[in-house]
A.B. asks: 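Before I ask anything, let me first share the structure, which is written out below as structure tokens.
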Amino acid sequence: MTKQNSLLILILTVGVFGILTTEMGVAGILPLLAEHFDITVSTAGLLVSLFALAVAISGPIMPLLFSGINRKKVMLLVLGIFIVGNIVSIFVYNFSLLLLARVIPAFFHPVYCSLALTVAATSVSKEEVPKAVSKVILGVTAGMVLGVPITNYIASSSSLEMTFVFFAIVNAIAFIATLIFVPSLPVKERLSYGAQVSILKKPIFWLAIATVVFIGSATASVNTFITEYLETVTNITGTTLTFALLVLGLASLVGNLTGGKLLTKNAIKTATFFPIALGIVHVLSFVTGKFTVPMMITIVLWGILFAIGNNVSQYWITSAAPNAPDFANGIFLAGSNLGTTIGTAVAGFIISGMGTQYIVLGGMLFLILSLASIVLRNYMFNSITKQSAS
């Protein structure tokens, strides 16, 4: 990999980190936002779930619409929109206005992230594609998990407004780096809309979408309310809470690297055993939730598996549509965020009806569904392979 390619991938990684931190970072300050706007934590969770719903809606559409435009220009446009949205969020005084300032940029989220994955893959040789893509996914994972403790720390040590300043700064860094260092990226071989959308005719692709949605729901059901869980169930606050969230984030980075290696070694086995492993950790979190030290160990395991889930989901859907990477990555983002919306909503109902401790029940339900969809796709793929061989 050349220095120019390495710099390009680094900038893409920073870009997706900024966008995903904007999306998921507020999960670390939901209790503070609830208090600030005098609303419930479940209502504050709309900042995550509606953002994710906007991504889910636009994921299949927006990457297609922008697929023929110079990729550098598109990335600058999206980063600019996120900068403006975060600046507006600093000054809003009404919760509805804050929701609006977040949801509008959310519609452009899948455009940048799908492009980042595609550009990373096309900027290196075929042998280096998994490595390049995993680095961009590292930015996604870091934004989703490390963004939570960073945001919690900033809000706790200064103010809620400073968290949105932080989001704006990270996106501005990616914007400036893209403007200065990224070369023009015209689309040389553009697939027609029809050719890309035609992958929806494949039943295996729909099973892959279902798997992504179920995995996203399973992880979001706990991850979105992890701060609330640790505060109310484990009874930790302040610097201890920030440390726990940081441990979760660092463990996820380890999981990202581990997931890439496991998928390279045996993708089918990794995908099949993932829901089982995360299910075991969900049970552990229920058992150890009230005890600080055992819960810290559970957090490490959960962080590792959370990141592996991202890798599994991205591989599972792009491997089902290798000829339409932009569209497949858009669907991956849409499915993941639809899962976030569903998982967050289900967890919110569980918190309201049963209590925070029981959010793992929603996660377990979605893990069972994801395992069923994975096994069914494996069965269909094996059947097709046998028919082709005969």
A.B. asks: Would you say the side-chain atoms of Asn152 and Thr242 include a donor-acceptor pair closer than 3.5 Å?
C.D. replies: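 A donor-acceptor contact under 3.5 Å links the two side chains.
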A.B. asks: Tell me which donor-acceptor pairs under 3.5 Å the side chains of residues 286-300 have, and how far apart each pair is, sequence neighbours excluded?
C.D. replies:
from: Thr288; atom 1: OG1; to: Leu284; atom 2: O; distance (Å): 2.7
from: Thr288; atom 1: OG1; to: Thr298; atom 2: OG1; distance (Å): 2.9
from: Thr298; atom 1: OG1; to: Pro294; atom 2: O; distance (Å): 3.2

A.B. asks: Checking side-chain contact (heavy atoms from CB on, under 4.5 Å) against Tyr112, which of Leu77, Leu117, Leu12 comes through?
C.D. replies: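 The single option meeting the side-chain contact (heavy atoms from CB on, under 4.5 Å) with Tyr112 is Leu12.
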A.B. asks: So which atom in Met62 and which in Phe107 form the shortest heavy-atom distance, rounded to 0.1 Å?
C.D. replies: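 Where Met62 meets Phe107 most closely, the heavy atoms are CG-O, 3.4 Å.
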A.B. asks: Under the 3.5 angstrom rule, does the side chain of Lys202 hit a backbone N or O of Ala320 as a donor-acceptor pair?
C.D. replies: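 Checking the backbone N and O of Ala320 against the side chain of Lys202, a donor-acceptor pair under 3.5 Å is found.
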A.B. asks: What pairs of residues pass the side-chain hydrogen bond (donor to acceptor under 3.5 Å, both in side chains) test when at least one of them lies in residues 43-54, not counting sequence neighbours?
C.D. replies: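 Checked against side-chain hydrogen bond (donor to acceptor under 3.5 Å, both in side chains) - neighbours excluded - the pairs reaching residues 43-54 are Thr40-Thr43.
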A.B. asks: How many angstroms lie between CG in Leu278 and CD1 in Ile304, if you round to the nearest 0.5 Å?
C.D. replies: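 The CG atom of Leu278 sits 12.0 Å away from the CD1 atom of Ile304.
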A.B. asks: What's the separation between atom CG in Leu248 and atom CG in Leu245, rounded to the nearest 0.5 Å?
C.D. replies: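 One gets 6.5 Å once the value is rounded to the nearest 0.5 Å.
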A.B. asks: What distance separates Phe225 CZ from Ser42 OG, expressed to the nearest 0.5 Å?
C.D. replies: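 Those atoms lie 5.5 Å apart.
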A.B. asks: Tell me whether the count of non-hydrogen atoms from other residues, nucleotides or ligands lying under 6.0 Å of CG in Asp38 goes above 12.
C.D. replies: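 Count not over threshold, so no.
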A.B. asks: Under a 3.5 Å distance rule, please check whether Ser123 uses its side chain to pair with a backbone N or O of Ala120 as donor and acceptor.
C.D. replies: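 Looks like yes, one N/O pair under 3.5 Å.
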A.B. asks: Under the side chain to side chain contact (heavy atoms under 4.5 Å, CB included) criterion, do Val213 and Ile342 qualify, and how do the steps go?
C.D. replies: CA-CA 9 Å; Val213 172; Ile342 295 170; 4.0 Å; yes
A.B. asks: Answer with yes or no whether the side chains of Ser184 and Asn70 bring together a donor and an acceptor at under 3.5 Å.
C.D. replies: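 Side chains of Asn70 and Ser184: pair found under 3.5 Å.
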A.B. asks: Where do Thr211 and Ser373 land on the side-chain hydrogen bond (donor to acceptor under 3.5 Å, both in side chains) test, with the steps shown first?
C.D. replies: CA-CA 6 Å; Thr211 302; Ser373 64; 2.8 Å; yes
A.B. asks: Using a 6.0 Å cut-off, check whether atom CZ of Phe166 has over 12 heavy atoms from anything other than its own residue.
C.D. replies: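 Yes, the 6.0 Å shell around CZ holds more than 12 heavy atoms from other groups.
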A.B. asks: For the pair Phe306 and Trp302, name the ring-plane relationship: parallel under 30°, tilted 30 to 60°, perpendicular over 60°.
C.D. replies: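 Because their plane-to-plane angle is under 30°, the rings of Phe306 and Trp302 count as parallel.
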A.B. asks: Using 30° and 60° as the class boundaries, would you call the ring planes of Phe214 and Phe366 parallel, tilted or perpendicular?
C.D. replies: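 Phe214 and Phe366: parallel rings.
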A.B. asks: Locate the shortest heavy-atom distance separating Val111 from Ser114; write the atom from each residue and the value.
C.D. replies: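 Smallest heavy-atom distance, with atoms named: O-OG, 3.3 Å.
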A.B. asks: Enumerate the residue pairs fulfilling ring pair (Phe, Tyr, Trp, His ring centres under 6.0 Å) with a member in residues 29-50, sequence neighbours excluded, ordered by first and then second residue.
C.D. replies: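 The answer is Phe37-Phe95.
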A.B. asks: Can you confirm whether Lys269 is buried at NZ, in the sense that more than 12 heavy atoms of other residues, nucleotides or ligands lie under 6.0 Å from that atom?
C.D. replies: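 For Lys269, atom NZ is not crowded (no more than 12 foreign heavy atoms under 6.0 Å).
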A.B. asks: Report yes if some heavy atom in the side chain of His109 is under 4.5 Å from a heavy atom in the side chain of Leu333; otherwise report no.
C.D. replies: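 Contact flag for His109/Leu333 side chains = yes.
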